[in-house]
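First the structure, in the form of C-alpha cells, and then the observations on it.
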Amino acid sequence: MAKKRTPSFPKSLYPLLRADTVEAARALLGCVLWHETPQGVAAGRIVETEAYLLDDPACHASRGPTPRTAVMFGPPGRAYIYFIYGMYHCFNVVTRGKGTGEAVLIRALEPLEGLDLMAQRRKTENIRNFCNGPAKLVLALDIRKEQTGEDLRQGRLRLLAPGSYPGWNARKPPLIKVGPRIGISVAVDLPLRFYVADNPFVSKA
DNA sequence: CTTTCGATCCGT
DNA sequence: CGGATCGAAAGG
C-alpha cells in the first residue's frame, strides 16, 4: 500500500517571500493553493500572478498602512483577502518583512482537486471558468475575507509545493511569460504580471 | 458626514 | 460595453 503524502509548504519558498516580491511572484507559479472546508478539499495550481510593490501607486499599501492593509505590513506567507467592486474578493500572498507592505495577487489556478465543489460554487460545468480570474478562484475555493492573516504554511488554507500533485515536472519547468497587470488605472505599463505560457487556465494570454 | 471609485464578472 | 453592488479611504 502506497504511503499517503501529507501536503506541505515548500520550505525554500519562505525566504523568497521575505526577500523579493517579483521573484516570489515567479516562484509561486506552479505551487498549489489548497483549501479545506467542511465540504471537502479544493485545490488548484497557480498559473498567473501579479506583483504589487511598495513604491507602486496601484498597490493598496503604497500610501501607508490602513486597517484594511495592515496584514500586508506584517510577516510574509500570510493571506491578504480584500473586498472589491461591491461583490467580489481577491486573494494575495503577503511578501517582505514586517513594516514593508507588498504582496502577490493570485490571478488564476489550474483546477486539480474538488472539481465537483468548484462546479457547484461557480455555477458552471466549464472547468475553464472555474478559476481563470482572481475573484473566480476565491469563489471556487470558497475563501473568505475573514481568513485574512492566516498562515499559509499550515492550517486550512495552504500553499503547497509544485510536486504535491502530478502534472508538474520540476526538471522541465514551463515557460513563464511576463506582461502588464490587469484591471488597474495607474502604473499600467509595469511588467509585473507573470503567467504560464500556453496554459488554458490563465485569465488572459 | 458625503463622495468617489475600484487588483471583477457576466450577460448582451 | 454597461450594470451590479458596497466598503475603504479621501476630502469637506
Side-chain angles (χ1 to χ4, degrees), chain A residues 17 20-29 31 33 42 44 46-74 76 78-96 100-111 117-150 152 157 159 176-196 200-205:
Chain A
L17 293 180
D20 188 295
T21 299
V22 169
E23 285 310 303
R26 288 177 162 279
L28 282 167
L29 293 175
C31 293
L33 185 60
I46 296 170
V47 295
E48 184 177 356
T49 62
E50 281 179 359
Y52 283 87
L53 310 177
L54 235 207
D55 58 351
D56 163 7
C59 177
H60 289 170
S62 66
R63 280 158 297 189
T66 65
R68 179 178 61 152
T69 62
V71 68
M72 291 181 75
F73 292 84
R78 309 299 176 96
Y80 166 53
I81 300 143
Y82 66 90
F83 185 56
I84 190 66
Y85 293 125
M87 38 170 71
Y88 298 114
H89 297 275
C90 294
F91 169 84
N92 296 253
V93 177
V94 172
T95 57
R96 307 301 305 278
T100 304
E102 300 192 345
V104 174
L105 171 70
I106 307 303
R107 281 197 61 90
L109 304 177
E110 176 175 343
L117 284 176
M118 293 186 186
Q120 259 182 260
R121 293 162 175 169
R122 291 283 301 117
K123 305 186 196 310
T124 176
E125 296 298 318
N126 186 349
I127 295 181
R128 287 190 178 228
N129 280 335
F130 286 177
C131 302
N132 63 336
K136 294 180 183 181
L137 84 260
V138 165
L139 288 169
L141 300 201
D142 195 21
I143 295 169
R144 310 298 182 87
K145 182 181 54 180
E146 299 75 48
Q147 295 181 264
T148 286
E150 288 189 5
L152 299 171
L157 182 58
L159 243 22
I176 295 177
K177 291 220 177 192
V178 186
R181 293 175 296 183
I182 293 175
I184 56 176
S185 57
V186 290
V188 175
D189 294 335
L190 301 181
L192 294 176
R193 183 168 67 101
F194 305 92
Y195 56 100
V196 174
F201 299 97
V202 296
S203 73
K204 187 184 173 193

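Chain letters run A, B, ... following the sequence lines, proteins first and then strands; every chain starts at 1. Since the structure is predicted, the reported quantities are computational estimates derived from the model, not experimental observations.
- Pairing each heavy atom of A:L159 with each of A:L33, the nearest pair is CD1-CD1, 3.9 Å.
- A distance-only check finds no donor-acceptor pair linking the side chain of A:R78 to the backbone of A:V94 [under 3.5 Å].
- When the side-chain contact (heavy atoms from CB on, under 4.5 Å) test is applied to A:I176, the partners found at least two apart in sequence or on another chain are A:R26, A:L29, A:F194.
- Residue A:L53 forms a side-chain contact (heavy atoms from CB on, under 4.5 Å) with just one option from A:T95, A:T21, A:T100, A:L190, and that option is A:T21.
- Counting all heavy atoms, side chain and backbone alike, A:A79 lies closest to A:Q147 at CB-O, 3.7 Å.
- The side-chain contact (heavy atoms from CB on, under 4.5 Å) test applied to A:P67 returns no partner, not counting sequence neighbours.
- Mapping A:Y52 and A:L139 onto DNA chain B via the closest heavy atom, the residue that lands nearer the 5' end is A:Y52.
- Residues from residues 180-189 of chain A that place a heavy atom under 4.0 Å from any atom of DNA chain B, listed by number: A:I182, A:G183, A:I184, A:S185.
- In this structure A:P134 satisfies the side-chain contact (heavy atoms from CB on, under 4.5 Å) test together with A:C90, A:L105, A:R107, sequence neighbours excluded.
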Sequence-aligned protein contact record of nucleotides 3-12 of chain C, with B where the base is within under 4.0 Å of a protein heavy atom and S where only the sugar-phosphate is: -BBBSSS---

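- Remark: the separation of the C1' atoms in C:dG2 and B:dC5 is 16 Å, to the nearest Å.
- The salt bridge (Lys or Arg N to Asp or Glu O under 4.0 Å) contacts involving residues 125-147 of chain A comprise A:D142-A:R144, where partners must be two or more places apart or lie in separate chains.
- The two atoms that bring A:A140 and A:A42 nearest to each other are O-CB, 4.3 Å, heavy atoms only.
- At the heavy-atom level, A:A58 lies under 4.0 Å from base atoms of the strands shown.
- Heavy-atom contacts of chain A under 4.0 Å fall on DNA chain B between two terminal nucleotides, which in 5' to 3' order are B:dG6 to B:dC10.
- In this structure, A:I106 and A:T49 have side chains that are in contact, with non-hydrogen atoms separated by less than 4.5 Å.
- Stems are defined here as 3 or more consecutive Watson-Crick or G-U wobble pairs with pairing distances under 3.5 Å; those involving DNA chain C are B:1-6 with C:6-11, B:8-11 with C:1-4.
- With hydrogens and angles ignored, the 3.5 Å screen pairs a side-chain donor or acceptor of A:R122 with a backbone N or O of A:N129.
- Contacts of residues 117-131 of chain A with DNA chain B (heavy atom under 4.0 Å): A:R122.
- Partners of A:Y85 according to the ring-ring contact (aromatic ring centres under 6.0 Å, His included) rule, which considers only residues two or more places apart in sequence or in another chain, do not exist here.
- By the side-chain contact (heavy atoms from CB on, under 4.5 Å) test, A:T69 pairs with A:H60, A:T66, A:M72, A:F73, A:Y80, sequence neighbours left out.
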Donor-acceptor pairs under 3.5 angstrom involving side-chain atoms of residues 178-188 of chain A: please list them, not counting sequence neighbours.
from	atom 1	to	atom 2	distance (Å)
A:R181	NH1	A:A51	O	3.0
A:R181	NH1	A:D56	OD2	2.6
A:R181	NH2	A:D56	OD1	3.3
A:R181	NH2	A:D56	OD2	3.1
A:R181	NH2	A:A187	O	3.4

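- When all heavy atoms of A:L152 and A:F91 are compared, the pair lying nearest together is CD1-CZ, 3.9 Å.
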